[in-house]
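Okay, structure first, notes after.
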Amino acid sequence: MSEEKSLNFIEEIVENDLNSGKYKTLVTRFPPEPNGYLHIGHAKAICLNFGLTQKYGGYTNLRFDDTNPVTEKTEYVNSQQEDIKWLGFNWKNELYASDYFDELYSFAIKLIEKGLAYVDESSADEIAALKGTPTEPGQDSQYRNRSIEENLDIFTRMKNGEFSDGAYILRAKIDMASPNMLMRDPIIYRIKHAEHHRTGNKWCIYPMYDFAHGQSDSIENITHSICTLEYVSHRELYDWFIKKLEIFPSKQYEFARLNLTSTVMSKRKLLQLVNDNLVNGWDDPRMPTISGLRRRGFTPKSVREFCERIGIAKRENLIELSLLEFCIREDLNKSANRVMAVLDPIKLVITNYEKGTEDLIGENNPEAEGGTRVIPFSNELWIEREDFMEVPAKKWFRLAPGAMVRLKFAYIVKCEDFVKDENGNVTEIHCTYIPESKSGNDTSGINVKGTIHWVSVQHAKTAEIRLYDRLFTSETPDAEEGDFKDYLNPESLTVLPNAFIEPALADADLDSRYQFIRKGYFCLDKDSTAEKLVFNRTVTLKDTFKKPK
RNA sequence: UGUCCGAUAGUAUAAGGGUAGUACGACAGUUUUUGGUACUGUUUGUCUUGGUUCGAAUCCAGGUCGGACAACCA
């Protein structure tokens, strides 16, 4: 076995378990709660769980952890499935914790019969008061020693709907003095007269997370139940239920969740951004959701690559956004066709060009066998306003009075003059071109430092272009003083309603990815119509040019 | 003043008693019809104090720092 790459700690555990014969087949699961959209942190968990069974054989189930009917919706089930498929993974079984409600109920009965669970009718406040604190032990509830018969009777009546929400709860009988708060007689069933997205009104009692997750894993014969670090202290309970119920011993392993700079990752906060209309929905391209990244133009491959590069470990981490950007640039550099678009136009007139128009040939992608296309050229072009400086900075290789640049795929031009309006703004640049300098056939012998992009005025199409930047101005918005929303970046979205694009872009579809030469990677947005194309900037090109001060 | 988890360059992540390596970032250079790409180079690290050992990032003990835990959420 050649060791090309080192293993992460979970892969080591899996390899050991497989090599020792502890398990014949690896079974993992991805267990989202359908109460929100999946984000890049979930992508890390998805890649881990599905990646493990791809690498070592076995399979991964998709199991919706739907034990709380008031927050869960079918809309989320659907979006979550779409996101997992988009990432490129296939689950073996589509399952729901709610599939096991009958079985979970009988597990509860079994616990009661063993004297390991009891019905408590204390109020939520009373229960909290007796729970103790992390540094002080709790105290037993006065209902802790009900008879098994009475517990059975009340629990059955809870199920039958005889009581209102909160009147009774079922608790595991463990140890109110445990240093682990979760072992202090945790609540395992509560009454909720709520309609469930799958089981409808069949149930009015629902199991808590701790009484559903491990047992669901066990029912499915999950060998390695992988979750994030905040569940470490749940492991003791997880194992306790499995042991007392004498069921398949799934094992839980925890890794550190992903944190990304300049964004937030908690579903609660993302929901707030959506509900407060601070972004335009869950799939707003500025959101770290999988649907947001997809709309922004990220490829599944780039997201998988990112998840691969960040690694799996147990220490808290904060990944720099630049790594995500690297991953998408790396992918798109190889695959995206190069086209020209002018975002902030200024007119350039070639005063000695008398051919009218001319079709030039553009190479689609110098990094791939991308073929070529026709690009119309004429004596009036749009170029980028920022590519001209009236008073050039040092090391400026673009347009300036008397300076020469190459027009990409076309000719070398020399700036002869420029026009200003009454406010002193440059409105037009006048150049002469060098006929012998045509791209691919340059006999002029002239070498220029700078090459700029352009679009022929008479052939240009207009498009709306949306530029995105970091959602937050702080790298750690949820660690800042005050509300995280105070750190939203007011410039996270810039809309350019009238940019000019080369005519070939009229054929763009939602799956196309482009590099707008010198400007970044872009894709068509779903808001596009036949009359108006809308492009999203996925990411800028890396820019090593030091802006002159 | 509890229990649990963790600590390696700016950020991540390897090295499992024997040369501290890789990636991203940053910086510099070469190439270039994208100030892109590619290539080259530079920079910066084992939390601390002891112990075991010929030898410790690694094993042990104490400390420090960070995180988690007191929802009828997951």
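Quick note on labels: first sequence line is chain A, next is B, and so on, each numbered from 1. Just so we're clear, the structure is a prediction, and the values are computed from it rather than from any experiment.
In this structure, N180(A) reaches neither bases nor backbone, as no heavy-atom distance under 4.0 Å exists between it and the strands shown. Within the nucleic acid shown, R184(A) has no heavy atom closer than 4.0 Å to any nucleic acid atom. As judged by a 4.0 angstrom heavy-atom cut-off over every strand, I312(A) is placed among residues touching the sugar-phosphate backbone only. Among the heavy atoms of the strands lying under 4.0 Å from S122(A) is at least one base atom, whether or not backbone atoms are also near. Using a 4.0 Å heavy-atom distance criterion, R398(A) is classed as a base contact. Note on R309(A): only backbone sugar-phosphate atoms sit closer than 4.0 angstrom, heavy atoms only; bases stay farther off. Base contact: I169(A) has a heavy atom under 4.0 Å from a base atom. Residue F409(A) is classed as a base contact, given a heavy-atom separation below 4.0 Å to a base. Looking at heavy-atom distances under 4.0 Å, G520(A) makes no contact with the nucleic acid at all. As judged by a 4.0 angstrom heavy-atom cut-off over every strand, I319(A) is placed among residues touching the sugar-phosphate backbone only. Backbone-only contact: T67(A) has heavy atoms under 4.0 Å from sugar-phosphate atoms and none from a base. In this structure, F397(A) reaches the bases: a heavy-atom distance under 4.0 Å links it to at least one base atom across the strands shown. Across all strands shown, E367(A) has heavy atoms under 4.0 Å from base atoms, whether or not it also approaches the sugar-phosphate. Residue-level contact check: L541(A) touches the bases, meaning some heavy atom is under 4.0 Å from a base atom.
OP1 or OP2 of U8(B) lies within a sub-4.0 Å distance of a side-chain N or O belonging to R315(A). Side-chain nitrogen and oxygen atoms of R268(A) include none within less than 4.0 Å of the OP1 or OP2 phosphate oxygen of C73(B). For K192(A) and C73(B), the shortest distance from a side-chain N or O to OP1 or OP2 is below 4.0 Å. An OP1 or OP2 oxygen of U3(B) is reached within less than 4.0 angstrom by no side-chain nitrogen or oxygen of S233(A). For R190(A) and C73(B), the shortest distance from a side-chain N or O to OP1 or OP2 is below 4.0 Å. An OP1 or OP2 oxygen of G36(B) is reached within less than 4.0 angstrom by no side-chain nitrogen or oxygen of R338(A).
Distances from the side chain of P134(A) to the nucleotides C69(B), G6(B), C24(B) place C69(B) closest. In this structure, the nucleotide among C69(B), G6(B), A12(B) sitting nearest to the side chain of M181(A) is C69(B). The side chain of K542(A) lies closest to U37(B) when the candidates are G35(B), C73(B), U37(B). Listed nucleotides: A74(B), U13(B), G35(B). Nearest to the side chain of E33(A): A74(B). Between G2(B), A12(B), U34(B), one nucleotide has an atom nearer to the side chain of T135(A) than all others, and that is G2(B). Residue I127(A) places its side chain closer to C72(B) than to any other of C72(B), G25(B), A74(B). Nearest nucleotide to the side chain of T451(A), out of C24(B), C72(B), U34(B): U34(B).
With a 3.5 Å ceiling on both atom-pair distances, U44(B) lacks any Watson-Crick or G-U wobble partner. Judged by Watson-Crick or G-U wobble contacts below 3.5 Å, the nucleotide A38(B) has U30(B) as its partner. Using the Watson-Crick or G-U wobble rule with both distances under 3.5 Å, A70(B) pairs with nothing in any strand shown. Pair check for C59(B) finds G51(B); Watson-Crick or G-U wobble, both atom distances under 3.5 Å. Pair check for A7(B) finds U64(B); Watson-Crick or G-U wobble, both atom distances under 3.5 Å.
Rounded to an integer number of Å, the gap from E325(A) CD to U11(B) P is 18 Å. One can place CG of L260(A) at 15 Å from P of U11(B), the figure rounded to the nearest angstrom. For the pair L182(A) CG and A71(B) P, the computed distance is 10 Å after rounding to whole Å. Put simply, CG on N364(A) is 20 Å from P on U37(B), counting in whole angstrom units. Atom-to-atom, CD of E254(A) to P of G6(B) comes out at 10 Å; the value is rounded to the nearest Å. Whole-Å rounding puts the K131(A) NZ to A70(B) P distance at 8 Å. The OH-P distance, from Y253(A) to C5(B), rounds to 15 Å in whole Å.
Here CD of E11(A) is found 8.5 Å from OG of S6(A). Values are rounded to the nearest 0.5 Å. Between the CD atom of E502(A) and the OG atom of S456(A) there is a distance of 11.0 Å, given to the nearest 0.5 Å.
With 3.5 Å as the limit, one finds no donor-acceptor pair spanning the side chains of E33(A) and Y209(A). In summary, the side chains of E220(A) and Y100(A) do present a donor paired with an acceptor at a separation below 3.5 Å, with no hydrogens or angles considered. Side-chain atoms of S122(A) and D120(A) include a donor-acceptor pair closer than 3.5 Å.
Cation-pi geometry between R398(A) and F545(A) is satisfied (NZ or CZ under 6.0 Å from the ring centre, within 45° of the ring normal).
With hydrogens and angles ignored, a donor-acceptor pair closer than 3.5 Å exists between the side chain of Y231(A) and the base of A74(B). Taking only distance into account, the side chain of R406(A) meets the base of U33(B) through a donor-acceptor pair shorter than 3.5 Å. Judged by distance alone with a 3.5 Å cut-off, a donor-acceptor contact links the side chain of E320(A) to the base of G10(B). Checked by distance alone, H234(A) brings a side-chain donor or acceptor within 3.5 Å of a matching partner on the base of A74(B).
Separation of the P atoms belonging to A61(B) and A68(B) is 26 Å when rounded to the nearest angstrom. A distance of about 43 Å separates the P atoms of G36(B) and G18(B), rounded to the whole Å.
Using modelled atom types, one side-chain atom of D66(A) and one backbone atom of S98(A) make a donor-acceptor pair closer than 3.5 Å.
Checking L407(A) against K267(A), the closest nucleotide of RNA chain B that is more toward the 5' end is the one next to L407(A). Residue-to-nucleotide proximity on RNA chain B shows that, of N317(A) and K408(A), the 5′-proximal contact is made by N317(A).
In summary, E230(A) and R257(A) engage in a salt bridge, as defined by a charged side-chain N under 4.0 Å from a carboxylate O.
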Going through the checks in order, is the ring-ring contact (aromatic ring centres under 6.0 Å, His included) test met by Y353(A) and F377(A)? CA-CA 10 Å; Y353(A) 186 81; F377(A) 183 81; 5.2 Å; yes
